[in-house]
Structure formats: C-alpha cells, structure tokens
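Okay, structure first, notes after.
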Amino acid sequence: MRLSRYFLPVLKENPSEAQIVSHRLMLRAGMIRQQAAGIYSWLPLGYRVLRRLEQIVHEEQQRAGHIPLLMPTLQSADLWKESGRYDAYGPEMLRIRDRHDRDMLYGPTNEEMITDIFRSHVGSYKDLPLTLYHIQWKFRDEVRPRFGVMRGREFLMKDGYNFDLTKEDALHAYNRHLVSYLRTYERMGLQAIPMRADSGPIGGDDTHEFLVLADTGESEVFYDSRVTDIRLGARDIDYDDKDQCRGVMEEFTALYARTDETHDAGLFEQIPEDRRRVARGIEVGQIFYFGTKYSEPMGALVATPDGERVPVHMGSHGIGVSRLVGALIEANHDDKGIIWPEGVTPFHAGIVNLKQGDADADAACEGLYAALRARGLDPLYDDREERAGAKFATMDLIGLPWRITVGPRGLKAGVVELTSRRTGESEELAPELAVARIAEIYAGL
RNA sequence: CGGGGCGUGGCGCAGCUUGGUAGCGCGACGGUUUUGGGUACCGUAGGUCGUAGGUUCGAAUCCUAUCGCCCCGACCA
C-alpha cells in the first residue's frame, strides 16, 4: 500500500477522552473512531489488525478440528425464555422490539442458539463429538464502557461450543480448547496465562480465563512466577490425543495462577515467597465446561449406542478478538507508539523515502516495494511529500515492526537502512538483502 | 447505578466569574523556504459555542430542562 493513497488519519495530539495507552494509541494511529460510548468504527489500519487476529483464530480453531459457521447478531427472545436466561441476564442484554412487537435481543452470547441448531439437526451419538464456533459481533450494554475496545459494548468475539456424549469426552474438548488457545495467543506474540476463574452468568463447573499481564489490566491476578516460563513453542500437538491434551493442560495449570475472584490466600502462601507475584491482567479468553446446563432444559438429547436418549454434554469457549487488539498494544508499545509483533502487524514493513522526488530514492523505493510484494509481503510505502521526521514519527506511531529507510545519501553507497521498531537497532545493507532479510523474518508466520 | 467532571472548527484548549455577536495552538489547503527525527515564514478555508426553552435591547457567557461524553467506585469478555 502506498501511504499517499491510503486512509490513515493519524493524530499528533492525544484525544482527551482516552486515558489508557492502547486507547490513546489506537485513536492516534487512526485505527478506530468512537461512534458512541463503547461502540467503534474500525478504520483501515485497525481493521487490518482485527482481520489478522480473526484469521489466526480461524486457522487455529480449524487446526483443532472445530467447524466454523455464522449465527446472527440479533436473536429472538424465545430461545432465551426457554433457557431461563431472558430474565436472568439483566440490563446488560440489549432488548429490542421489532415491528410486530416481538421481543428480540442483540446477542451477548450464543449458547441458546447453538443448542437450538444442535437439537434440530443432531440426534445420535454417531454425530459426536462436534465443536461449532463462529466469530461474530456481540453486544453487552455495559453500564460503563471504558478503555477503548478493551471494554466496549459492541465487541467481536470468537465463541465456540462443543457437544459430547460423555463428561469424559467433554473434558477432552475442554483440554483441547485450552491447548488450542495457548497456541493461538502464542502465534499473536502474546503470553496469556490460563487462570482458574469464576464461571459467572454462563455457569458451570470448570473454567479457566486467559490473562495477558499488563499494568492496566482490569483484574488483579496472583500467580507463581514460574508459570510465565512455560511455553507451548513448536511442539507437535495431536488434538485427538486425549492424554497429550490433558498433559499440556496439567502442565499449564499445575502452578498457582488465579484471578481475584478465586484467589485463595492460604494456597498462595505455600508458594516460596520469591516466586509469589501479584499483578494485573487483561482477560482475553475463557473456556467453560458446563455439562447439561443448556441441553437439559432445551431438550438437546442424543441417542446412545444403547438407544437411550441423554442430554448432550457441552462446553463453551470464547476469545475476545476485538479486545485483543487493545491487549496487544498494552503489552507492546513504547513512548513513541505501538510495536506490533510480527504475527499480527497490519503491514509487514514500512518503506520510508527520505527524499520524495529524488529520482534515485524514488526508484529504489519502488524497487523495494515491488520486491517485497513479489515475496508475498505487504509493505506500507510512505511516498508522501513529507519531511523525514514526520515520516519517522508516523511509522513509529503505527508500529510496523520493520522499517526500510531510503535516502540519496545511503544510495550513493549502495545501501538502505533496516530498522527494528522494537529494539531501534539499524543495519545498513543492500536493498536486495533488506528484502531477503524481511522475507526470512516472516517465513513461517 | 452512586460520586465527580466536561461539551466552543478535524484534534487540544482559552473566552463564561463581571452578557455586547468567537479566539489561540496543532492539523487541512495554497505559496515560499527547507529536506536524514513532527522546518520556518506568509496566506486561505473551516464553528447554528451539544440541543430545546427562558431571562434580556442583546446570551458561548445567566436560568431551566434535556442529550451526549469522560473519570472514580460498584459491575463486567
């Protein structure tokens, strides 16, 4: 993309409504625009990141054998009356009435709807196990939206639902989700720690929240410092291997790690003092096993091999996709702006032409631009008639992980400059080598 | 939902106490000048002062109502 033809409305000054750093930077970098309290338009740069996160979530869900579908944002209240949650949910649920005076709602989640789909099409153990998911906008009418997209009212969420014949199978689904979530976050360049949590209005017995450590997090967390040393890394995962999934789950959840909701001071004290950590975290996902909580009242039954009809065992799992954009920035920024991890960056590299209009510099930039694109990469070429300082400031603000700086001075020596946004370190090298280096960095991401 | 604060050009703000018909910085646009970290100068455009009533010869300014937004708390993915 050439910046001169893009839509990137960056701000030099901080909008007064934004208090926390991710919100400020998202506004300044032209990623979002607030349309109402807790409701945002995603401008092109922000939309790119959002789409990228969605893509990673889709890939990792399908790698784990989960099947995508798409349910609507608006739901009929009937299903919710059936489950009993229409009254239980409270004013957080946005209730709407259509022209025929029918009760509708903007879905805060989809347990009822997915259970309805399941019960009308699935009736046999032979169709199990089954995990369906979608990535869709949700609405929760928060009393007090804040922190930009991290606690909006409208938010994009991946929510998935597993259906299993037995509790044992459903617990495998739980473990499988835990593992696939770990992998999803790691691909995004985030460390999200699974912590024992409270089940809230979803209900259920087992639940873990995934928290990204950040000073601005909304939850207080307590953990053994050793949990931050565990990584999934490149290990091979067979999502059908129950023992392996359980093993990974145990590895990641054996050490003490809890939010304030489930914190147990007594257990915490048993950790050696030098490893006790009290910090703050941003919740970016949660998994639940809730058994037959919905299948029983809603009559989602399956026939067992013996011909008996039993309620299906279920769980649900969510990843806050739009809030992850904020969480990523909270975890990756400095005083100049955002620093995107390579896995989620909106553009792979920025090209800064220090002297627009200089024949050599223009040609070199065009060459780099074409070469990067030929490698399947997506560069952002700042071809504006701006001074160097303005171009650097923009690049730093929007946080592309790599920058190639091209100027007549360097070109005389046959080099351009490759700079890491994260470390600030620069290297002078021939343009072809810079392209090769960037291609190498992104190989496999 | 309790407490606090704020609505004045795209963004940040002043003006309001002591009513007289709107101003500054940034940004945008046009020039000149610059050109390796937000260059300097000149000029131009852009505002029903959130909205609706009221007081007044006259309201951004005073009064009433209302809407919106932000912060702290409770709540929450």
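Letters A, B, ... are given to chains in the order of the sequence lines, protein chains preceding strands, and every chain is numbered from 1. Fair warning: this is a prediction, and the values are worked out from it, not measured in the lab.
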Reckon [X] touches a base, only the sugar-phosphate, or nothing at all at heavy-atom distances under 4.0 Å?
| X | answer |
| --- | --- |
| Gly152(A) | base |
| Ala393(A) | base |
| Gly320(A) | nothing |
| Pro408(A) | base |
| Asn14(A) | sugar-phosphate |
| Gly410(A) | base |

May I ask you to check whether [Y] and [X] place their ring centres under 6.0 Å from each other?
| X | Y | value |
| --- | --- | --- |
| Phe347(A) | Tyr6(A) | yes |
| Phe163(A) | Phe118(A) | yes |
| Phe222(A) | Tyr256(A) | no |

Side chain of [X] only, please: which of [options] is the nearest?
| X | options | value |
| --- | --- | --- |
| Lys12(A) | rA74(B), rC71(B), rG38(B) | rG38(B) |
| Ala388(A) | rA74(B), rG37(B), rG27(B) | rG37(B) |
| Arg403(A) | rG36(B), rG37(B), rA74(B) | rG37(B) |
| Lys336(A) | rG37(B), rC76(B), rC1(B) | rG37(B) |
| Glu386(A) | rA28(B), rC1(B), rG73(B) | rA28(B) |
| Ala36(A) | rG37(B), rG38(B), rC69(B) | rC69(B) |
| Glu17(A) | rC72(B), rG12(B), rG37(B) | rG12(B) |
| Pro15(A) | rC70(B), rC76(B), rG12(B) | rG12(B) |
| Arg387(A) | rU35(B), rC76(B), rC70(B) | rU35(B) |

task: Test for a donor-acceptor pair under 3.5 Å between the base of rC76(B) and the side chain of Arg140(A), counting only N and O atoms.
output: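 Answer is no: no donor-acceptor pair is held.
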**Distance-only donor-acceptor test, Glu13(A) side-chain atoms vs rG25(B) base atoms, 3.5 Å** =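 Yes, the side chain and the base share a sub-3.5 Å donor-acceptor pair.
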[N] - base-pair partner by Watson-Crick or wobble geometry, distances under 3.5 Å:
| N | result |
| --- | --- |
| rC13(B) | rG23(B) |
| rU39(B) | none |
| rG73(B) | rC1(B) |
| rC62(B) | rG54(B) |
| rU34(B) | none |

Requested in this report: Heavy atoms only: give me the nearest Ala371(A)-Val435(A) pair and the separation to one decimal.
Outcome: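 Here Ala371(A) and Val435(A) meet closest at CB-CG2, 3.9 Å.
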Could you measure between the two [atom1] atoms, the one in [N] and the one in [M], and give it in whole Å?
| N | M | atom1 | result |
| --- | --- | --- | --- |
| rU55(B) | rG12(B) | C1' | 34 Å |
| rU64(B) | rC24(B) | P | 33 Å |
| rC6(B) | rG43(B) | C1' | 35 Å |
| rC69(B) | rU33(B) | C1' | 42 Å |
| rC26(B) | rC62(B) | P | 30 Å |
| rA28(B) | rG10(B) | C1' | 8 Å |
| rC63(B) | rG7(B) | P | 15 Å |
| rG47(B) | rA22(B) | C1' | 9 Å |

Would one find more than 12 heavy atoms of other residues, nucleotides or ligands at under 6.0 Å from atom [atom1] of [X]?
| X | atom1 | value |
| --- | --- | --- |
| Arg146(A) | CZ | yes |
| Asp260(A) | CG | yes |
| Tyr47(A) | OH | no |
| Arg231(A) | CZ | yes |

In whole angstrom, what separates [X]'s [atom1] from [N]'s [atom2]?
| X | N | atom1 | atom2 | result |
| --- | --- | --- | --- | --- |
| Asp396(A) | rG36(B) | CG | C1' | 14 Å |
| Lys355(A) | rU33(B) | NZ | C1' | 13 Å |
| Glu142(A) | rC69(B) | CD | P | 14 Å |
| Arg151(A) | rC70(B) | CZ | P | 12 Å |
| Leu11(A) | rG38(B) | CG | C1' | 14 Å |
| Phe392(A) | rU39(B) | CZ | C1' | 15 Å |
| Glu220(A) | rC76(B) | CD | C1' | 17 Å |
| Asp358(A) | rU34(B) | CG | P | 16 Å |

- Which residue, Gln35(A) or Arg28(A), contacts RNA chain B at a nucleotide closer to its 5' end, judged by nearest heavy atom?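 Its nearest nucleotide being more 5', the pick is Arg28(A).
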Closest-nucleotide ordering on RNA chain B, the 5'-leading residue of Phe155(A) and Gln34(A)
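Nearer the 5' end of the strand: Gln34(A).
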(Q) Could you check whether Glu366(A) pairs with Arg2(A) (Lys NZ or Arg NE/NH1/NH2 to Asp/Glu carboxylate O, under 4.0 Å)? (A)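 The answer is yes: the pair qualifies as a salt bridge.
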Does [N] have OP1 or OP2 sitting under 4.0 Å from an N or O in the side chain of [X]?
| X | N | result |
| --- | --- | --- |
| Arg144(A) | rC76(B) | no |
| Arg146(A) | rC70(B) | no |
| Ser16(A) | rC6(B) | no |

